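First the structure, in the form of structure tokens, and then the observations on it.
What you are looking at is a predicted structure, and each value in this text was computed from that prediction instead of being measured. Sequence lines set the chain letters: A, B, ... in the order given, protein chains first and strands last, and positions in each chain run from 1.
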Amino acid sequence: MEKNLTARYLAAKRALFDKVYGDLNDMQRQAVFTTEGPLLVLAGAGSGKTTVLVRRIAFIIRYGNAYFTDFTPHNLTEEHVADLEHAIHLSVPEIEQILPEFIHDPCPPYRMLAITFTNKAAGEIKSRLVTQFADETLAGDIWSGTFHSVCMRILRTYGDRVGFGKGFTIYDTDDTKKAVVAIMKKLNIDEKQFPPKAVITTISHAKDKLMTAEDFAVEAGVDFRLSRIAAIYKGYEELLRASNAMDFDDIILHTVRLLRENPDVLSYYQRKFKYVCIDEYQDTNVAQFVLSSLLSGGSHNLMVVGDDDQSIYKFRGATIENILGFDKAFKNATLIKLEQNYRSTKTILDAANGVIGHNLGRKGKSLWTAGEVGEKIILRKCEDQMGESRSIVDTIRRMAETQGRKYKDFAVLYRTNSQSAGIERALQRSTVPYRVLGGTRFSDRKEIRDAVAYLQLICNHADRERLLRIINEPRRKIGDKTLAAVAAIAEEQNTTLFEVMDRADEFVALGRSAATLKAFTAMIHRLTSLMDTLPLPDFFDEVMEQSGYRQMLIDGGEPEKERLENIDELKSNMMEYVGTTTEMGDIPSLVDFLEEYALVADVDKYDTEADAVVLMTIHSAKGLEFPVVFLPGMEDGIFPGMQNIMGGADDMEEERRLAYVAITRAREQVVILHTRSRIWYGQTVANPLSRFVGEIPEECLVREDLTMEGLAKAAVVTTGVKPATQPTSYYERPRRPKTPVHTDRLTVGQPTPAATAEARQSMNALNPGDRVIHATFGEGEILSIKPMGADKLIEVMFDIAGTKKLMGTYAKLKKL
DNA sequence: CACGCTCTGCCTGCG
DNA sequence: GCAGAGCGTG
């Protein structure tokens, strides 16, 4: 009897939770309610991944392990259980009033850690958490951020334990490159034989795997190539140490080292974090995997969300094995798959499933939808990249007109940034508004880097790379010779460049340059003393004035105008930064700003509001969705790229995942484009259709041929081979079609140079119902007119020749 | 030391 | 096809 009551109580409780979370599907709900132990949520594209993540965090904070716990109050009565059973008929808000009685071991917000990859994702999680809680501060207490920001928060407290001073600097990829090149020069290593880019990638991947310079040297052994890189790695590490700086990889690496080497610190964080959640787990590398296990090592409540099929960042160190081997790495892990897709049509999902199904190394998911079949995927062949670009613009214009779509409904996603140029040109000629994402980032512009380098040097005089960057910018007549002398003295005295310059008059070797060098350090000292007395933007103005940087740009005149504007833009970023942070109470220091600046990428991110077609790489489109997606350049040699065709099977699988990501960005319509021939890196190539397109089920596709050949054939089909010599009796007798003929599979085209403005004009004047005359077919009546590319498909019922479909520009119809 | 010419090499890119 | 790097000259 007692046992029965308990069972009824638990069932009633779970039914109530199920009803309140009824807006989620079964799998999503299970993920939300599973709070204890390692949990892997395999979330397919568009399956509500972020929703689950956010709702689960909110659930744990509010109710703890309320759903799955078998805990029952000891004073359970028949009456109470009956009440609970009846409560199922109440409304959701009413039930929510009851739920607090089931709270079991809830988690205080500050013991919750949520890690994402991008600032954008972190921002989205934060804002969605705020809407989950009425109390904003509750959401604010949650530790949520990127891997790097979370690690920085830890390193800011304990950085000294791994040998970094308080104000350590973060080196970005450009600083790293300069440093590595400098080391290579010093070690006399030929840049031709060892391209710095490859060296940097190798070092970065070593760091991703938690390999130190010593580890790397051991692994390299006697291998000539690797041991040279090991030497560079070692020199680079020493340089970073001397500059009191870390690169991005180091931020993770040193945090792991800190936790591994300091049991007290590890134990503090393990006790602190009761729940750890990692987003985009398929993108994690070895270091991040180790970090996740360390931080969650106290409670073992590690939840990871990801999609092995969307792992597209192997090239920057991600190991798909983290997600594939999660259950092996964490015993008793729960696996939940989210396969219901709320984004795309059935056709799009069938296509995506068809493609990804060709991969072997995957957990195996199959997306499905309760939604509609939708439009077929258009597979369009164009003559060249010009035709490809134009047809995209034409289709956008047509769909905007006929389907009432907004421009922001369209995205053009390509494999490489270089593909954007042609499409941009076509868009520029039209009136279609567009934006291009990617390319040079704001923070990568030279003037921005220079300006920030001044600030960084002011904060950290030891910063060698930043000093070298701006020492002669503007020109101060401090050339390579002088700097080499300074560097030599610094080496000998085992001190920093700045220190030597500061005491330049003490070194005979510096001779006449001493005064110039001292003038420079004096300026930096002067600015350093101003640092804490002025508000940040005013201080920045002062730096730009005293350094002469602003004057240099002004003197540069018209060509430097944009740079000057960018400097002002940076200042307004600062004003914004000061404005937002002071609201939260702290007065932001220069150090705070620089850290934020190093960690937070550009502000000029994708703005969903502006009504414009958006162009970007498939990589940057991950996580986004659009009603209509164009995929130009679907050709073997472009996508998959040549280097992936030559590479191993793993590379091809990654490339295929990228194709999967591309297709699943679309909600309603995909247009795949390829060309007969195109100019690719200055060479004319005729690529075969992408192998990935061949993996899409044929019934998902509808083909269009806009090549010259295709158009010629279409013209033959619609207007007859040699119309003038064909007897009219050859054609069937007049007959109205019983049902409108579908034009789907008809090959249609855009106007060729032959299409004169005159032809277009006369075509535009035509309407269904008009009587027309054709050179060959004689008189007839227009049944319908459909836009096709830039042209029109006109269906005419001729009195003698029967019903024909004609391309407007070829048909030369005359209105009667 | 600054400018201009030629040569090369080229995918994707968060923090 | 184009941009950035490197080299040579005024």
Exercise for the section: Look at the side-chain N and O atoms of A:Thr617 and state whether any lies under 4.0 Å from the OP1 or OP2 oxygen of B:dG13. Expected result: yes
Problem - Distance in angstrom units between A:Arg678 CZ and B:dC10 P, rounded - result: 20 Å
Completion exercise
Ranking B:dC11, B:dG13, B:dC14 by distance to the side chain of A:Thr118, first place goes to B:dC14
Handout entry: A:Asn417 side chain near B:dG13 phosphate (N/O to OP1/OP2, under 4.0 Å)
Key = yes
Practice task
Just compare B:dG15, B:dA2, B:dC11 and give me whichever is closest to any side-chain atom of A:Thr173.
Solution key: B:dG15
Problem - A:Lys197 side chain near B:dC11 phosphate (N/O to OP1/OP2, under 4.0 Å) - result: yes
Problem - Distance in angstrom units between A:Glu473 CD and B:dC1 C1', rounded - result: 13 Å
Problem - Short N-O contact, A:Glu237 and A:Lys207, less than 4.0 angstrom - result: yes
Practice task
Determine the contact category for A:Gly682: base if any of its heavy atoms lies under 4.0 Å from a base atom, sugar-phosphate if only primed atoms, P, OP1 or OP2 are that close, otherwise nothing.
Solution key: base
Handout entry: Presence of A:Arg475 side-chain N/O under 4.0 Å of B:dA2 phosphate oxygens OP1/OP2
Key = yes
Problem - A:Thr284 side chain vs A:Glu280 backbone, donor-acceptor pair below 3.5 Å - result: no
Exercise for the section: Just jot down the ring pair (Phe, Tyr, Trp, His ring centres under 6.0 Å) partners of A:Tyr681, sequence neighbours excluded, or say none. Expected result: none
Practice task
Tell me whether the OP1 or OP2 atom of B:dG15 has a side-chain N or O from A:Asn119 closer than 4.0 Å.
Solution key: yes
Handout entry: DNA chain B: stems of at least 3 consecutive Watson-Crick or G-U pairs whose donor-acceptor distances fall under 3.5 Å
Key = B:1-10 with C:1-10
Problem - Short N-O contact, A:Asp175 and A:Arg469, less than 4.0 angstrom - result: no
Fill in the blank from the handout: Between A:Lys192 and A:Asn472, whichever has its closest DNA chain B nucleotide further toward 5' is A:Asn472
Exercise for the section: Side chain of A:Asn644 only, please: which of B:dG15, B:dT12, B:dC11 is the nearest? Expected result: B:dC11
Practice task
For A:Asp249, report the nucleic acid contact type (base, sugar-phosphate, nothing); a contact means any heavy atom under 4.0 Å.
Solution key: base
Practice task
Look at A:Asp636 together with A:Arg691 and state whether they make a salt bridge at an N to O cut-off of under 4.0 Å.
Solution key: yes
Completion exercise
Distance col, row A:Asn573:CG vs A:Ile448:CD1, nearest 0.5 angstrom, shows 8.0 Å
Completion exercise
Here the distance between atom C1' of B:dC11 and atom CZ of A:Arg316, to the nearest Å, is 14 Å
Handout entry: Polar side chain donor-acceptor pair, A:Thr675 to A:Glu635, under 3.5 angstrom
Key = yes
Handout entry: Which residue lies more 5' along DNA chain B, comparing A:Tyr313 with A:Ile478 via nearest heavy atoms
Key = A:Ile478
Handout entry: Distance-only polar pair, side chains of A:Asp308 and A:Ser311, donor-acceptor under 3.5 Å
Key = no
Practice task
Have a look at A:Glu191 and say if it touches a base, only the backbone sugar-phosphate, or nothing, with a 4.0 Å heavy-atom cut-off.
Solution key: sugar-phosphate
Problem - Qualifying residue for salt bridge (Lys or Arg N to Asp or Glu O under 4.0 Å) with A:Asp309, from A:Arg656, A:Arg657, A:Arg362 - result: A:Arg362
Handout entry: Boundaries of the chain A footprint along DNA chain C (any atom under 4.0 Å from a heavy atom)
Key = C:dG1 to C:dG6
Fill in the blank from the handout: Taking B:dC11, B:dT12, B:dG15 as options, the one with an atom nearest any side-chain atom of A:Tyr681 is B:dC11
Problem - Nearest-angstrom distance from the residue atom CE of A:Met646 to P of B:dC11 - result: 15 Å
Practice task
If the plane angle is over 60° it's perpendicular, under 30° parallel, otherwise tilted; pick one for A:Phe315 and A:Tyr313.
Solution key: tilted
Practice task
May I ask you to evaluate whether A:Ser620 reaches the phosphate of B:dG13, defined as a side-chain N or O under 4.0 Å from OP1 or OP2?
Solution key: yes
